[in-house]
Amino acid sequence: MTVSIRLLSSAPQWVSGGDARIEVRAAPDLQAELEIWINGRKTSQTLVTRGDRLEGVVSGFDVGDNTLEVRHAHGQGLGVSASLRLTNHPIEGPMSSGPHQHPFVCTTNQFGLQPKIDVDTPPGYAVRGEGVTIVGYSRNCSIDTVVAYLYWAADNSWKALPPDGSVPADMTQVTLADGRTVDFIVRREVGTINRFLYSLAMLAPRGEDPAHPDTSLWNGRLNYYFQGGVGVGHSQGAVHGRSLEPEVLKRGYAIAHSSGNVTSTHYNLQLAGETAMMTKERFIERYGVPLYTVGLGGSGGAIAQYILAQNNPGVLDAALPIQSYPDMISQVTHVGDCELLEHYMDVTDRNNERWKNVKNRVLLVGMNGEPAVVDTMSLVKPYLGLDGPSMSTGSTECVKGWRGVHPLVMNPLYGRAANSANYVPQSDIATIQWTHYSDARNIYGLDADGYARHTWDNIGVQYGLKSMKEGKITPMEFLDLNFKVGGWKRPKDMVQEVYPLFPGITLAMVLADPTLFDPWSRRNMTLSPAADVPAPRTEGNLEAMRAAYTSGLVFGGNIPLPTIDSRQYLEREADMHNAHQSFAVRKRVLQKMGTSDHLVIWFTDTMPGVPKVDKNFVVVDVMDQWMANIRANPNLSVGENRPAAAVDSCFDVNGNLIASGPNVWDGILDSKPSGACTRAFPLFSTSRIVAGAPFEGGIFKCALKSVDTALHDGIYEPWVPDPASIAKLKQIFPQGVCDYSRPDQGRP
């Protein structure tokens, strides 16, 4: 038998922290004669024998390229039995995500710890000795690894396990799949990797040695938890409470999690993918190779799974995205229309009675609107003595779900980071561009003014086109809307937001000065300079768009993993997690892979005021069956290995099955009669779909065609514009109108 060596904890080019778990295959009678050599130096490290293989963690790699060798101890002419070239990276990173972001605010105080001093002088996060004396600064926000033992108490909370070995009276127990009943005790390891805080947790027996963890209660399965939100970086972030999710841990799963995989920390998913690779590497080094790794997380945590599966194959073996979107940057395109369209209806066209009915607003924004979901800003308006805005009391998803998100993504002055008061010097904090694009400037690059390039573009977009063609708005309303809707200023020209978007502005201040009332970010719009001049549109940066594609920030539909995309149907609440996004994902998967047999979609109904049924942990159990089938039938495809429950399904508000099977979602992505679930769960769209863009989204910059060509192609039918209308169209769209039959011009 020949000797072979391979890495178990990562790919050879992605080793971090100076160590790695390895496997050496060799005949049992040869194993005792083998030695580990690193960069030409013999080490005293030994591996554990497991049949015809040896396994263990070896350390001592230099930063950069290394040679790992297995040699025969006595030579005997055998020399080097096996060798491997690998590249080791610092545990602080980066590996491939580009230069570290600075300023970077430490949040180790989540665990009552100060970060390690790594520089003596500013800039950095101030580390204090006794009292308030600054004794040094931290730029990497590192902490020593900490292991703690917790137990799940009868009051449904985690508590510290007494170190004296006593059994708390409120200790609960769990029964494992193999029938063992054990105390619900968890070992939790916390530390820093890639400058972010990480957490590794699993069931543990009482009294183990933390240096030699006992994994006998672990079922071999690893859940990597992803958390959502929208953040723009410059912060270490916080480990989420679901890194200790009892419903997952009591099943025997381990949970890995990092604050770098929380999208309210940042939305640089290239950096997030790198962080997930490094965190899983640490898990494998500490506990061994899991049977499989399954992702779990909602909203941004769902996006993270789709992007990670696409960009970093091998980190996840299965995905459980909840309340999904395909990716974040595609959402920015139509979300950036929200305030523009709501401002048009509230202010510019305020005398049009149509817009007082929130259901009519759907004709422009595409997303749902509900009269019962109150726009609180409409209640404030009468107290301001304003005659201007005529706001619907109801709310579209644009208002309820997305108000303020576009400034967070685009306005360099808008964001902030918790704990930033401890960063020295504060002048560095003051110069931060608080935008998603600047957060990921390693990807997007900078423009000539020193501001991050952005992808947002509405040149040629004909807002309300579909509604006009269907006779739901008039041609004159269509023309007026597109003449006056405008766009967004360049980032360098933006000013700070006011009420209610900026927390520094209070209602009392607004009552004293009504000009501070601006729920639309009107002050950062490009509106008409004169009544006879169209409001200028905004042009995105092609290099930024291409970078979004080449970096993998755009989900292109490549996810070969078993996936259950599950969501609660929240359209009646005008919630931001609109239901059509699951099918935008499926459409992209179909376009890329030709099949979506491995992508299951579940909807569970909800009603405002009625307790919601959570299917999150049902999908965990179904996925475990699916993964068992894949192990048992490796020659079958992922789709062919689906268990009976892993099929498209929809459920009522009590969690009872309405319908399931391959045809329940018919009529959404095809021309078949509507399936049972399609009929039960009406879908809405987006402003860009209403403007003629494809269902799956993802068009940063549309191809353009002249108004004359558009007329020839009949895109306005059944409306036949008269000469005055044609002249106005040409005035609004001098560069042409969107031609969505052609691909995204921002795609490389």
Side-chain angles (χ1 to χ4, degrees), residues 16-17 91-93 100 103-118 124-132 134-153 157-163 184-204 208 210-211 213 223-227 229 231 233-246 248-249 254-266 272 275-276 278-283 285-287 297 301 417-423:
S16 65
I91 196 65
E92 300 86 8
H100 276 156
F104 190 74
V105 177
C106 306
T107 54
T108 58
N109 59 319
Q110 179 184 6
F111 299 105
L113 301 170
Q114 289 203 81
K116 293 181 181 180
I117 295 171
D118 49 43
Y125 186 89
V127 181
R128 303 178 188 276
E130 294 186 11
V132 296
I134 297 176
V135 294
Y137 301 88
S138 182
R139 303 194 83 194
N140 291 326
C141 300
S142 299
I143 58 173
D144 289 324
T145 300
V146 177
V147 175
Y149 292 87
L150 309 170
Y151 72 93
W152 187 247
S157 69
W158 291 110
K159 296 180 180 179
L161 186 70
F184 200 167
I185 298 172
V186 166
R187 175 201 324 103
R188 189 196 208 183
E189 173 187 325
V190 173
T192 44
I193 292 175
N194 211 18
R195 300 201 302 170
F196 295 105
L197 297 163
Y198 77 89
S199 168
L200 307 177
M202 67 169 67
L203 291 174
E208 70 166 18
N223 168 221
Y224 202 112
Y225 180 70
F226 300 87
Q227 177 61 27
H234 292 281
S235 172
Q236 191 176 28
V239 168
H240 195 268
R242 282 194 165 176
S243 61
L244 288 172
E245 175 55 60
V248 173
L249 290 167
I255 301 178
H257 174 64
S258 169
S259 62
N261 295 116
V262 177
T263 56
S264 59
T265 301
H266 68 90
T275 302
M278 296 172 74
T279 304
K280 184 178 178 182
E281 177 191 23
R282 167 63 180 174
F283 180 90
E285 290 167 355
R286 178 82 161 142
Y287 303 109
N419 253 21
S420 59
N422 291 309
Y423 195 88

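Because only heavy atoms are used, hydrogens play no part in the values below, and waters and symmetry mates are left out as well, while side chains stay in.
- Using a 4.5 Å heavy-atom cutoff, the side chains of Leu113 and Val190 are not in contact.
- For residues 107-118, the set of pairs meeting the salt bridge (Lys or Arg N to Asp or Glu O under 4.0 Å) definition, not counting sequence neighbours, comprises Lys116-Asp144.
- Here the closest heavy-atom approach between residue Pro115 and residue Ile143 is recorded as CA-CG2, 4.2 Å.
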Where do Tyr224 and Ser258 land on the side chain to side chain contact (heavy atoms under 4.5 Å, CB included) test, with the steps shown first? CA-CA 9 Å; Tyr224 202 112; Ser258 169; 3.8 Å; yes

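- By the 30° and 60° cut-offs, the orientation of the rings of Tyr225 relative to His240 is tilted.
- Minimum interatomic distance between His234 and Ala417 (heavy atoms only, all atoms of both residues): O-CB, 4.0 Å.
- Separating the OG1 atom in Thr192 from the CZ atom in Arg282 is a distance of 10.5 Å, to the nearest 0.5 Å.
- Side chain of Ser138 to backbone of Ile117: no donor-acceptor contact under 3.5 angstrom is found.
- Side chain of Thr275 to backbone of Asn194: no donor-acceptor contact under 3.5 angstrom is found.
- Applying the side-chain contact (heavy atoms from CB on, under 4.5 Å) test between Val186 and each of Tyr149, Trp158, Tyr151 identifies Trp158 as the sole match.
- Between the side chain of Asn422 and the backbone N or O of Ala126 there is no donor-acceptor pair closer than 3.5 Å.
- One distance of note links CG of Leu244 with CG of Leu150; it measures 6.0 Å at 0.5 Å rounding.
- Listed here is the closest heavy atom pair of Arg195 and Cys141: O-CB, 4.4 Å.
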Could you walk me through whether Leu197 and Thr108 pass side chain to side chain contact (heavy atoms under 4.5 Å, CB included), step by step? CA-CA 8 Å; Leu197 297 163; Thr108 58; 4.2 Å; yes

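- Of all heavy-atom pairs between Ala211 and Arg286, the closest is O-NH1, 3.9 Å.
- Ring geometry for Phe184 versus Trp152: interplanar angle of 30 to 60°, hence tilted.
- Looking at Gln236 and Phe104, their side chains come closer than 4.5 Å, going by heavy atoms from C-beta outward.
- No side-chain N or O of Gln114 forms a donor-acceptor pair with one of Tyr125 less than 3.5 Å apart.
- Proximity of a side-chain donor or acceptor of His100 to a complementary backbone N or O of Glu92 within less than 3.5 Å is detected.
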Start with the C-alpha distance between Phe196 and Thr265, add both sets of side-chain angles, then the distance that settles side chain to side chain contact (heavy atoms under 4.5 Å, CB included), and finish with yes or no. CA-CA 10 Å; Phe196 295 105; Thr265 301; 4.0 Å; yes

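- Here the closest non-hydrogen pair linking Val147 and Pro210 is CG1-CB, 4.2 Å.
- Of the possible donor and acceptor atoms, none in the side chain of His257 sits under 3.5 Å from a partner among the backbone N and O of Ser199.
- Under a 3.5 Å cut-off, the side chain of Thr107 and the backbone N or O of Gly237 do form a donor-acceptor pair.
- Checked against salt bridge (charged side-chain N to carboxylate O under 4.0 Å, His left out), Arg242 has the following partners two or more places apart in sequence or in another chain: Glu245.
- Remark: the backbone N or O of Thr145 is not paired with any side-chain donor or acceptor of Glu189 at under 3.5 angstrom.
- Note that CG of Leu249 and CZ of Arg187 are 11.0 Å apart. Values are rounded to the nearest 0.5 Å.
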Give the C-alpha distance, both sets of side-chain angles, the deciding distance and a yes or no for side chain to side chain contact (heavy atoms under 4.5 Å, CB included) between Met202 and Phe283. CA-CA 11 Å; Met202 67 169 67; Phe283 180 90; 3.8 Å; yes

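- Smallest separation of non-hydrogen atoms from Asn419 and Cys106: ND2-O, 2.9 Å.
- Between the Asn261 side chain and the Ala272 main chain, a donor and an acceptor come within less than 3.5 Å of each other.
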